[in-house]
Each structure stands twice: as C-alpha cells, then as structure tokens.
2 protein chains.
Amino acid sequence: MTNEERVGGKKLDIVKRAYDRFYDGGFHATGVDTVLADSGISKRTLYKHFPTKENLIEAVLHHYAAGVVQNLFAPVRAKGGDARAQIEAFFDLRAAMIDAQPARGCLGIKAAQEYAGRHAGIAAWGERAAREVESQFVRLCEEVGVAHPADLGRQINIVFQGTVVLAQALGDSSPFVQAKQAVATLLDAAGTSRQA
Amino acid sequence: MTNEERVGGKKLDIVKRAYDRFYDGGFHATGVDTVLADSGISKRTLYKHFPTKENLIEAVLHHYAAGVVQNLFAPVRAKGGDARAQIEAFFDLRAAMIDAQPARGCLGIKAAQEYAGRHAGIAAWGERAAREVESQFVRLCEEVGVAHPADLGRQINIVFQGTVVLAQALGDSSPFVQAKQAVATLLDAAGTSRQA
DNA sequence: GAGGCCGTAAACAGATCGGTTTACCCGGAT
DNA sequence: ATCCGGGTAAACCGATCTGTTTACGGCCTC
C-alpha cells in the first residue's frame, strides 16, 4: 500500500462518514464533532485534509455526484432489456430501495437548499446532480428512439425529482407508483409501444 | 383596535418576518437575532409569543400552509375558465413568478428536509403542505372530469413538486415549460380535449 | 533502544447559538 | 404629577459551533 493510497483511504473514510451524517442530519445541523464521533479519527486529521467544513462538504458532494449519482442507473443497465424497460425498472428499483430504507432525498438538492445565496460552490452541486440525472434520462430516451428525447428526458427527470422529494416528505414509496404511471403515459404519448 | 388584535398584529408581524428570513436563509442557519434584526422588536417580545425557536418555526409553517399554500390556486381560479385551462395557467403563473423573483422551493419541504428525524412536529408540515397541494390538483382533475382524478391529481402534483425543486436548483424557470408539456400530455391521455 | 513522525484524544479559543434578565423608556389611566 | 404595564435595547448565561493547540502514544528507521 503506497502512502498516497493510505492517505486517500483515510480521506475517503472521512468523506464517507461525513456523507452519511450530513445526509441524515443536514449540513448546518451536523457539526464536525458529530461527523468524527466514534470514528477513531481526530479533528486535527480532518482539518489536515479539509481546511474548512465547507471544503469537507464539497468533497462529500463530489463523492455523491461522482459515486452515487453516476451509478444511479447501473443496476437497471446491468439487467439489460430495452431502454424503456430500464426506465420503468428504475422507478421500481427506487421504490424498493425506499421501502427498505427511509428516503433521504437528493443530497445535492439538500445542499442547494441550505447554501443557496450563502456558498455558491456548495449550492452549485444541486444543479450538477440534477443535470447529471437529467442527462441519463435523456440518453435512455434517445435509446428508446422518441422524437424529442431531450424534452422527454427532462420531463421524466421532473417526475423523478418530484417523486424523490414527495417520497421523503410523505415517508413512504407510494409516489413511485403514480410516477411510474405518469412516465409510462409520457413514453406512450412519445410514440413508443409498451412491452409486457 | 382591541388588545387581542394588537397582540395578534405584532405576533403576525414576527411570523411574517421570520417567514422571509427562514425562507431565504434556512431554519438552522438563521438565528433568532437575524429574524429580529432591524425590526424594532426585542427578543423578549419574541419569546413572550413563542417560547422556543421551534415554536416560532411551527407558527411560520402554519402561516405558510394556511396562507400561501391554500391560496396557491386563487389567481387562476379567479380568472375562471375550465379546470384544465386553470391547471395549465397555474404552471404559467408559477413560471412567471419565478422569472420575477428567484425560486425558493417549498418551505414545508425545506422544513421536512432540515428537521426529519429531529423534530417531528416541524417535519410533519412538509407532508401537510404536499398533501394540501395534491388535494387541490385532485379537485381540479375532478372538475376536468377524468376517469381517475385522484391518480391524475397525484401525478400532476409529482410533476409540480419536481418542477419547483428543479427551478430552484437550476436557478431559472425553464423546468416549467417541460412541466406544462408533461401535464398536457397526462391530461390528454386521461381523455380530455385540449382547448386553445 | 533512541529519535522522529503521524495520529489520537482532549483542552482550548473565539464566535455564535438559543434563551433570560436587567435597565430604561414611553403612553395611558388615575 | 404619578404610577404602572408593556415594550425596546442590551448585557448576560451556558451550550455549541468551527478551528487550533497541546500532550501523549505507538510505529518505523537507524
């Protein structure tokens, strides 16, 4: 193990821990002591890697965008099938995940909500995450072969974001069943045929 | 002016001020001193009316739910027209409002995001606000006369919530154009005829 | 086995938080 | 004129926040 890897490993460990704590407790409401509690990592080490809390938050959001958001569709892509089936399976998957673990919303959006007008660098991650998801929906719509994949992809992204926020606010996965219906309707209207 | 009204007036003044400050700055990030700054109201008076900050926040959310959310559809209802036109006009109206003033999202949802798992009474207002808007969409769908107004109303609410959150994260009203398209498609599929 | 080095634990500093208290002022009833 | 209740402004309190520093401990090299 090289020194670089060891440092990166510890840095990554901090980021993962902070990721969970911030996700569950919010950014402002969660102090750095809470992030480090029972971790065996000292504050000094944290501040060696991340000179400010905001810096840590940005690293967490980078981790979220590059790791979680980028791989959102990996499970349904792995299962294969045509693009439309993947879109619908995606909503089923998210519903199942929420049934297993309470919804926490989108971390990027939460960051944007807390830091809009206060820290532009952090707030920007909300837009980045949203656009990343949107582009993946657009790509799938292109594969489906609809007339205007950009428009449809953005519409589906709107439905997805609304579903995520409602699933969290309502505390259950029920919005996903209406969302799947709505997405199916939108895909139908775009001229695709529904498959069994 | 009765004593009750005077007290209520000052109490309402505090709530309105807190409403704006919390909306712009977030709940945890905005201190009570910030709420009172340049208001000519002392902290003592605030704590006479609201024994804790959380109590104030709940009053703000009550004000939001009873005032803002309940009247969301008042402008389009006042203009009249059939129910479908009102739904579509609603999205146009929201887009125009966001063009005039940056989107701030839904205060109830923000509260739920910040206080989920931390203060149930506050977090519950997110669900309340969401269900209130949903019920208004459902009512309009009933007026439209679709087969399953409850399902369609919930679908449209999902689209609306997603649009609100994206408009804030992206910083412009562009999501509303796709949202209006999506809603029109959903209404079309539900068997209504589009009017000019 | 001695000497650095990296890290933890914990004390510490300064600012800010929610919330309380004190001191003072002003308008209205007597 | 006087008293009194309700209000502001501001000092104050303990807790908590971000961030720094001190003290100590184990590991690696020589």
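Reminder, nothing fancy here: chain letters follow the sequence lines and each chain counts from 1. Values in this document were obtained by computation on a predicted structure and should not be read as measured data. Computed from heavy atoms alone, side chains included, the values below leave out hydrogens, waters and symmetry copies.
The stretch residues 33-48 of chain A comes close to DNA chain D through A:Asp33, A:Lys43, A:Arg44, A:Tyr47, each having a heavy atom under 4.0 Å from the strand.
Under the 6.0 Å cut-off for aromatic ring centres, B:His28 and B:Tyr115 qualify, their centroids lying closer than that.
Distance B:His49 NE2 to D:dG6 P: 11 Å, rounded to the nearest Å. For the pair A:Arg21 CZ and D:dC17 P, the computed distance is 14 Å after rounding to whole Å. For the pair B:Ile57 CD1 and C:dC17 P, the computed distance is 14 Å after rounding to whole Å. If you measure from atom NZ of B:Lys53 to atom C1' of C:dC17, you get 8 Å, rounded to the nearest angstrom. Distance, A:Glu54 CD to D:dT18 C1': 9 Å, rounded to whole Å. Atoms NE2 (B:His28) and P (D:dT16) sit 14 Å apart, rounded to a whole Å. We find that CZ of A:Phe50 is positioned 15 Å from P of D:dT18, with the value rounded to whole Å. A straight line from CZ of B:Arg118 to C1' of D:dT16 spans 13 Å, rounded to a whole angstrom.
Atom CD1 in A:Ile156 sits 11.5 Å away from atom CD in B:Gln178 (nearest 0.5 Å).
Taking a 6.0 Å sphere around CG of A:Asn71, one finds it holds more than 12 heavy atoms contributed by other residues, nucleotides or ligands.
A:Asp24 is linked by a salt bridge (Lys or Arg N to Asp or Glu O under 4.0 Å) to A:Arg104, counting only residues two or more places apart in sequence or in another chain.
Using cut-offs of 30° and 60° on the angle between ring planes, the pair B:Phe137 and B:Phe90 is perpendicular.
B:Cys106 pairs with exactly one of B:Tyr64, B:Phe160, B:Trp125 by the side-chain contact (heavy atoms from CB on, under 4.5 Å) rule, that one being B:Tyr64.
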